[in-house]
Amino acid sequence: MSGDYSHNDSQIDSGSRYNVLLTDSHKHKEKYKEKEHKHKEHKKDKDRDKSKYSNSEHKDYSEKKHKDKEKERLKHKDGSSDKPKDKYKDKEKRKEEKLYDGRLKKEKENGFASPLHVKSEPESDDFYLSPKSLKRERDDDDSEYKPKKMKVENEDKSEKKAKKRKQEDEVREKKTKDKKGEVADGKKKAKKEPEEKWKWWEEERYTDGVKWKFLEHKGPVFAPPYEPLPEHVRFYYDGKPMRLSPEAEEVATFFAKMLDHEYTTKDVFRKNFFKDWRKEMTSEEKGKITDLNKCNFTEMHEYFKAQSEARKQMSKEEKQKIKEENERILQEYGFCIMDNHRERIANFRIEPPGLFRGRGDHPKMGMLKRRIRPEDIIINCSKDSKQPKPPPGTKWKEVRHDNKVTWLVSWTENIQGSIKYIMLNPSSRIKGEKDWQKYETARRLKSCVDRLRAQYREDWKSKEMKIRQRAVALYFIDKLALRAGNEKEEGETADTVGCCSLRVEHITLHPEKDGQEFVVEFDFLGKDSIRYYNKVPVEKRVFKNLQLFMENKQPEDDLFDRLNTTILNKHLQELMDGLTAKVFRTYNASITLQQQLKELTTADENIPAKILSYNRANRAVAILCNHQRAPPKTFEKSMQNLQTKIDAKKEQLADAKRQLKSAKADHRVCKDEKSKKAMEAKKKAVQRIEEQLMKLEVQATDREENKQIALGTSKLNYLDPRISVAWCKKWGVPIEKIYNKTQREKFAWAIDMADEDFEF
DNA sequence: GTTTTGACTTAGGATTTTTTGC
DNA sequence: GCAAAAAATCCTAAGTCAAAAC
């Protein structure tokens, strides 16, 4: 393994990226509303222009303009159009690409099945076991499932290492024993096995798309049925009490429960709610209730508030009883048996009915999310398993036995018509393997990222508009860790974008800004309607290209009009096996953590200071990935409290120092054992208080810096846990300081396999 | 070839539980 | 023992991406 894990700063300056984001990204909350409004306006425009926008005439039109301009700049080989939908052209282009990519293609083909490719893998490390000689205990008939040469296989190969042969042998031995007992043994072991955790990462993976061979579970837990309100809790319409039918009442309670939430003041929310509510009313109710503004839910609202208050005030015994009941349900429904192992299910409870809460400006907010019944549910399990029983008097929609998927239960939700699933916990083998594989892909990107960067920089000069756009988009995805940006159906969801779906209105070009040349100002709403705001100096060629892409376009036109995620990912797939746009996010996040940890950690710091360094490294990644959070409501107050504590501690320290001084003086005079002891004690006290003070100060810094930044998302989804584990081992920081219990369960594989010199 | 669907990961906010400091 | 704060967990929406359907 090369010792170089620097992040090629000549091309990608993560340092500046970090700083720019730090200073700008979070300052602009005020502008948010304004921007939101702007989006709405644009949307209107867009609706108006929709046909124009998507039809080819428009493309031809802008095409022509592009072409005219391009003619000046580029020598067009054949003068043909660049139109992306032009079939002939496309074929030709593909040919060209093929020709051009011949070298890469070959490399890939070779690599696919031969050691050449393996070479391009990061050198395998000590922590890898050879899966070769290890067999899944459940694979008693492996011949039938002979692994094909597949992508995963490549990774497996790279992970082989003979170093832990001894251990392997042990495992193998164990497995032979296990085989005799098979299922029964597996179950028994699973039930009382808490100490001995199963190390799935020491076993061979399925490589043929099979996800499991045996799956048994109890089905989902349904939402509790609706309990009508007591008589005394009334709903008023136009000032008069009115009894509602149970169906209408239930929906009304959904609204009543949310009364002090901002949602209920939003027009769209109210409109959608009212429309769906009326669908649940009897014709009599429908006739009466015609205006939401005349509805008074406050009594209902108060009732629910009182109820939740009462729940808090419950006696210890009552609380204990509820806890036990929950535990019982968890034990019964919260686990499944998958391939001899009892594994935790993530979301075994069906989502209860309620009002849809979209994020941002969601056009469907307030709609009724209907109750899911057994008849809506598809069960997935093994044929030879004990199938879950539907509640008495009901039926499942379907029971299927598809072992090419990982879900246990699915249903179709009524807001977007999408499918929801019940799947396993992140600590499960099936999730863990995938997670591990994700980081291995990112590590493979590390070994070829230089080549890729060189290529996209070349492509900035391409004759073909499509290729230029692709190359500039890729540059953003790499440098700024933007998301891919799939197209989304308009009017169905909030108006948010990613890289490929950026519109002209989302960027502003500044030839010169704040003393820097070629600055691009980004301002758009990304996933979950989280605002991305950033000013980035870019290379001249990128800047000029952006100018070209923006020429003769309306603000609501696509910036990359000849690009989408499919085109981009197809290209990436050709550059590296398994490469997609999101791999860049994983790669850049992980490499940044590793780099920052190296930079920020100093040997002589104590543990709290080291943890601060870790959090700062983590924070650099969160900023890069734009993981924001609303500042906690109590932030200012808790910050003040902390400051008070710090001041008090300082005073205490000064006092202790004074006492030490006088004790020293005493000792100088008396020179006896007693005074010496007193002096030592005071010394210790000063030391202790200094440490406490330091801890508080570190805490304050950490908290202040973390005000609007969420560390959890990157920690859980983007940072190769082996980097953190290695760091902990190297500096003697207990892993518990970095990962809580759940996180340790999720990352058990990494904690077990990474040693202190793991390199991402 | 394009659009739609399905399966899965990633995401922030809400809620619950635990810890802290008195 | 209590209230407040912090941390952990739950919840489910909103993305990505590839395969299936058209």
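We name chains A, B, ... by the order of the sequence lines, and we start the count at 1 in each one. Worth knowing before you read on, the calculation uses all heavy atoms, side chains too, and leaves out hydrogens, waters and symmetry mates.
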Exercise for the section: Using only side-chain N and O atoms of A/T493, determine if any of them is under 4.0 Å from OP1 or OP2 of C/dA14. Expected result: no
Exercise for the section: Could you please spell out the steps behind the ring-ring contact (aromatic ring centres under 6.0 Å, His included) verdict for A/H627 and A/Y718? Expected result: CA-CA 11 Å; A/H627 291 143; A/Y718 288 104; 5.6 Å; yes
Fill in the blank from the handout: Assert: residue with more 5' nearest nucleotide on DNA chain B, out of A/N326 and A/W407, is A/W407
Problem - Distance below 4.0 Å between A/N717 side-chain N/O and B/dT9 OP1 or OP2 - result: no
Exercise for the section: Return no unless some side-chain N or O of A/S418 is found under 4.0 Å from OP1 or OP2 of B/dG6. Expected result: no
Problem - Short side-chain N/O contact from A/H362 to OP1 or OP2 of C/dA13, under 4.0 Å - result: no
Problem - Upstream residue (5' side of DNA chain B) when A/R357 and A/M423 are each assigned their closest nucleotide - result: A/M423
Exercise for the section: With the side chain of A/T713 defined as its heavy atoms from C-beta on, choose the nearest nucleotide among C/dA18, B/dG12, B/dG6. Expected result: B/dG12
Exercise for the section: Give a yes/no on whether any side-chain N or O of A/K420 is located under 4.0 angstrom from OP1 or OP2 of C/dT12. Expected result: no
Exercise for the section: Answer yes or no: does a side-chain N or O of A/Y718 lie under 4.0 Å from OP1 or OP2 of B/dA11? Expected result: yes
Handout entry: Check: A/L482 and A/N626 side chains under 4.5 Å, non-hydrogen atoms
Key = no
Practice task
Would you indicate, yes or no, if B/dC8 has its OP1 or OP2 atom less than 4.0 angstrom from a side-chain nitrogen or oxygen of A/K438?
Solution key: no
Problem - A/H261 side-chain N/O to B/dA14 phosphate OP1/OP2 under 4.0 Å - result: yes
Exercise for the section: Report yes if at least one side-chain N or O of A/K319 is closer than 4.0 Å to OP1 or OP2 of B/dT16; otherwise report no. Expected result: no
Practice task
Would you please confirm or rule out a distance under 4.0 Å between OP1 or OP2 of C/dA7 and any side-chain N or O of A/N740?
Solution key: no
Problem - Within-4.5 Å side-chain heavy-atom neighbours: A/F273 and A/T264 - result: no
Handout entry: Validation row: A/K364, A/E492 side chains within 4.5 angstrom (heavy atoms)
Key = yes
Handout entry: N/O (side chain, A/T406) to phosphate O (OP1/OP2, B/dA7) under 4.0 Å
Key = no
Problem - N/O (side chain, A/K582) to phosphate O (OP1/OP2, C/dG15) under 4.0 Å - result: no
Practice task
Kindly say if A/N486 contacts the phosphate of C/dG15, meaning a side-chain N or O under 4.0 Å from OP1 or OP2.
Solution key: no
